[in-house]
Amino acid sequence: MVYESVPRTVRILLLGEPGVGKTSLILSLVTEEFTEHVPPKAEEITIPADVTPEQVPTNIIDICLAEQTLEQVGEEIERAHVICIVFSVDRQETLNKIASYWLPFVRENCPDDYRKPVILVGNKIDLIDYSIIDNIWDIAEEYPEVDRCIECSAKSLINVSEMFYNAQKAVLHPINPIYNIEEQE
Ligand code: GTP
């Protein structure tokens with residue numbers, strides 16, 4: 001079995017369909033306010049250890065498919081410790097793409113015997129008045145690397161810091177070591 005040792009920094013990568021709010025989530029976390037007009041891709045951000053709940057320096061990486069090739073995104077997956085796949089709760093197709101595209105793509109870019117923890121992030125809950133979390137259990141069952149699901153809003157600043165904190169925790173305090181059990185002898 002291969003154990004990933006606990007890293008001294010945490011590298012969090014945000015993936016997901018265009019327009020789901022990846023850049024907005026990062027900027028809302030950093031500035032503690034919502035800006036309508038954000039750049040297509042946030043610069044890589046380093047949060048110093050002393051302002052993170054777990055006291056571990058944390059890098060946050062955005063992607064933008066309009067500016068990057070899939071090969072470059074794959075390289076970012078290889079470098080990440082945890083992946084947040086963001087969808088927009090008011091656009092069902094962005095949730096559908098998680099199981100049909102993003103989770104398989106993440107697996108393709110992880111070593112065979114180790115699956116990186118994934119957090120599923122339903123953004124823009126300010127736009128709906130019901131929870132969509134029930135639609136996600138099937139995905140979590142099929143993909144055990146899904147550590148947890150969280151609903152948030154970059155606009156209303158709901159659960160934004162919690163989302164990044166949960167991503168940190170998934171790396172530093174994994175509930176279960178994540179293996180590709182089917183491929184173990
Ligand atoms: P790409 O750069 O195309 O990959 O998009 P992205 O996922 O980085 O999305 P971005 O942050 O650019 O946000 C897309 C749009 O959604 C913008 O108009 C944002 O203002 C809006 N948006 C982002 N988060 C929220 C949210 O929580 N609530 C609402 N209502 N709008 C949001």
Between [X] and [Y], what is the shortest heavy-atom contact and its length?
X      : Y      : value
Glu17  : Lys97  : OE1-NZ, 3.3 Å
Tyr143 : Ala99  : OH-O, 3.5 Å
Leu25  : Val160 : O-CG1, 3.6 Å
Ser153 : Asn123 : CA-OD1, 3.4 Å
Ala154 : Ser28  : O-OG, 2.9 Å
Glu32  : Leu157 : O-CD1, 3.3 Å

Atom [atom1] in [X], atom [atom2] in [Y]: separation rounded to 0.5 Å?
X      : Y      : atom1 : atom2 : answer
Glu151 : Ser131 : CD    : OG    : 3.5 Å
Glu145 : Ile119 : CD    : CD1   : 12.0 Å
Ile12  : Ile47  : CD1   : CD1   : 7.0 Å
Asn59  : Thr9   : CG    : OG1   : 5.5 Å
His37  : Ser24  : NE2   : OG    : 11.0 Å
Glu78  : Cys110 : CD    : SG    : 8.5 Å

Among the clusters formed by ILVMFWY side chains lying less than 4.5 Å apart, do [X] and [Y] turn up in the same one?
X      : Y      : answer
Tyr165 : Val56  : no
Leu127 : Ile133 : no
Phe34  : Val38  : no

State whether the side chain of Ser156 and the backbone N or O of Ile158 hold a donor-acceptor pair below 3.5 Å, judged by distance alone. no

State whether the side chain of Glu141 and the backbone N or O of Trp137 hold a donor-acceptor pair below 3.5 Å, judged by distance alone. no

Take Glu44 and Arg11 through the side-chain contact (heavy atoms from CB on, under 4.5 Å) test and state the conclusion after the steps. CA-CA 10 Å; Glu44 181 170 330; Arg11 201 169 166 85; 3.0 Å; yes

Start with the C-alpha gap between Leu70 and Leu65, add the side-chain angles, then the distance that decides, and say whether side-chain contact (heavy atoms from CB on, under 4.5 Å) holds. CA-CA 7 Å; Leu70 284 178; Leu65 289 177; 4.0 Å; yes

Verify side-chain contact (heavy atoms from CB on, under 4.5 Å) between Lys41 and Lys22, making sure each step is shown before the conclusion. CA-CA 8 Å; Lys41 182 173 180 292; Lys22 300 177 294 296; over 6 Å; no

Does the side chain of [Y] come within less than 4.5 Å of [X]'s, by heavy atoms?
X      : Y      : answer
Glu54  : Lys169 : yes
Leu95  : Ile136 : yes
Pro57  : Thr52  : no
Phe164 : Ile26  : yes
Leu27  : Pro39  : yes
Asp147 : Val82  : no

Stepwise side-chain contact (heavy atoms from CB on, under 4.5 Å) check, Gln168 with His173: CA-CA 8 Å; Gln168 264 196 342; His173 309 291; over 6 Å; no

Single hit among Leu13, Thr23, Leu14, Ile77 for side-chain contact (heavy atoms from CB on, under 4.5 Å) with Ile63: Leu13

Looking at Val30, Thr58, Ile61, which one forms a side-chain contact (heavy atoms from CB on, under 4.5 Å) with Ile45? Val30

Going by the angle between their ring planes, with limits at 30° and 60°, are Phe105 and Trp102 parallel, tilted or perpendicular? perpendicular

Neighbour count above 12 (heavy atom, 6.0 Å) for Glu93 CD: yes

